[in-house]
Amino acid sequence: MKVLVIGYGSIGQRHVRLLLGLGCSVAVVSRRLIEYSPAYTNLTQALENWRPDYVVIASRTSEHHEDLSKLAQHGFCGLVMVEKPLFNFNIPILENKFSKLVVAYNLRFHPLLQRLKAIVDQPSRLITAHIYVGSYLPNWRANTDYRQSYSAQRMAGGGVLRDLSHELDYALWLFGSWQRLTANGGKFSALEIDSDDTYSILMETPSCSSVAIHLNYLDRVPRRQILLNTKEQTISVDLYSNSISLNGVPESIALDRDFTYRSEHQAMLSGHFELLCSAEAAQETLRMIEAAEQAARLHTWIEQ
């Protein structure tokens with residue numbers, strides 16, 4: 001299959017490497033001069049010359065809508081994956097002929113999250129859920145000044161609500177659509193950024209009356225953890241150590257860092273779309289982000 005990756009930052013390079021490993025022929029669109037071939041400087045030229053079957057949009061979040069719209073305007077009718085979040089704001093998707101459009105919330109493919117999904121899908125068992133993710137932004141990208149990254153710039157789509165929206169996506173995937181929520185967040189640290197570095201969200205969903213989510217750019221020791229209380233169990237999951245504890249009994253799994261990214265591409269290439277995040281689900285995550293911002297600004301609860 002011929003694949004076109006738009007954007008050649010750290011995530012774009014990861015997509016290229018994994019797709020090549022899966023036997024695809026891969027071209028890149030990048031405005032920068034890069035050491036990769038074939039590479040194009042604009043999307044129109046790439047579509048005309050490369051004629052891809054599958055396009056991965058890995059540009060800055062603020063550029064996703066423009067890139068997706070250009071694909072639609074060119075009549076592209078193949079597979080499309082957009083890096084998360086779908087857009088920096090909740091705006092409509094242009095009418096298109098894509099055979100499939102998904103958003104790269106790859107943590108849905110983590111075996112421990114799939115195990116949690118099987119548990120919480122059993123009726124009337126979940127009581128509380130706590131989700132925590134934090135890591136220190138200046139340590140994210142080697143040899144890069146964090147102040148120049150899109151993460152540091154709100155208008156480029158940065159900030160923890162969008163950058164770390166994996167947690168928001170899988171919370172909705174696990175527990176169902178939020179019914180009401182409140183939030184507190186903003187730029188609380190001395191990081192030299194204009195985007196939000198901390199957010200805490202409390203929400204109700206159909207399957208859980210209390211879902212608490214905390215996201216930050218501050219933890220010097222990265223953490224990505226989930227704690228659930230059901231009628232029968234207390235379940236703790238650590239997505240960095242790939243471990244799970246059920247009522248204090250620990251287990252761990254071996255998982256390489258590329259597993260979930262590779263799995264989402266394998267699902268696209270094989271036509272097994274069930275686990276992938278749809279554009280509609282990604283738009284619900286954007287609605288949740290904007291509701292959290294409104295709740296924090298107004299110091300109130302927001303209802304669907």
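Note that the structure is predicted; figures quoted are calculated from it, not measured.
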Check: A254 main-chain N/O paired with N242 side-chain donor or acceptor under 3.5 Å: no

Whether H15 and H265 hold their rings parallel, tilted or perpendicular, with breakpoints at 30° and 60°: perpendicular

Testing the 3.5 Å rule here: is there a donor-acceptor pair between the side chains of S195 and R162? no

Is the shortest heavy-atom distance from the side chain of F98 to the side chain of L68 under 4.5 Å? yes

I'd like to know if the side chain of T198 and the backbone of F188 have a donor-acceptor N/O pair within less than 3.5 Å. no

Would you say NZ of K97 has more than 12 non-hydrogen atoms from neighbouring residues, nucleotides or ligands within 6.0 angstrom? no

Report yes or no: does Q13 contribute a side-chain atom to a donor-acceptor pair with the main-chain N or O of Y8 at less than 3.5 Å? yes

Examine V103 and F76 and state if one hydrophobic cluster contains both, with Ile, Leu, Val, Met, Phe, Trp and Tyr joined whenever side-chain heavy atoms are less than 4.5 Å apart. yes

Check whether more than 12 heavy atoms from other residues, nucleotides or ligands sit under 6.0 Å from atom CZ of R17, and answer yes or no. yes

CD1/I57 to CD/E83 distance, rounded to the nearest 0.5 angstrom? 10.5 Å

Are any non-hydrogen side-chain atoms of L286 and P85 less than 4.5 angstrom apart? yes

Contacts of type side chain to side chain contact (heavy atoms under 4.5 Å, CB included), residue K117, not counting sequence neighbours: D121, W173, L174

Are Y36 and L43 linked, directly or through intermediate hydrophobic residues, by side-chain heavy-atom contacts shorter than 4.5 Å (ILVMFWY only)? yes

With the side chain counted from C-beta on, respond yes when L227 and S236 share a heavy-atom pair under 4.5 Å apart, and no when they do not. yes

Is it true that a side-chain atom of D197 and a backbone atom of N216 form a donor plus acceptor pair closer than 3.5 Å? no

For a 4.5 angstrom cut-off between non-hydrogen side-chain atoms, does S99 reach L79? yes

Determine which pairs satisfy side-chain hydrogen bond (donor to acceptor under 3.5 Å, both in side chains) with at least one residue from residues 57-70, sequence neighbours left out, and list them in order. R31-E63, S59-D67, E66-K70

When L112, I235, L113 are each screened for side-chain contact (heavy atoms from CB on, under 4.5 Å) with I226, the one that passes is L113

Connected via hydrophobic side-chain network under 4.5 Å: L126 and Y132: no

Closer than 3.5 angstrom, by distance alone: can the side chain of K2 be matched with the main-chain N or O of W50 as a donor-acceptor pair? yes

Please tell me if the side chains of I131 and I201 come closer than 4.5 Å, counting only heavy atoms from C-beta onward. no

Under 3.5 Å, is there a donor-acceptor pair between the S177 and Q304 side chains? no

Any carboxylate oxygen within less than 4.0 angstrom of a Lys/Arg side-chain nitrogen, looking at R14 and D258? yes

Do you know which of Y199, W140, Y136 makes ring pair (Phe, Tyr, Trp, His ring centres under 6.0 Å) with Y217? W140

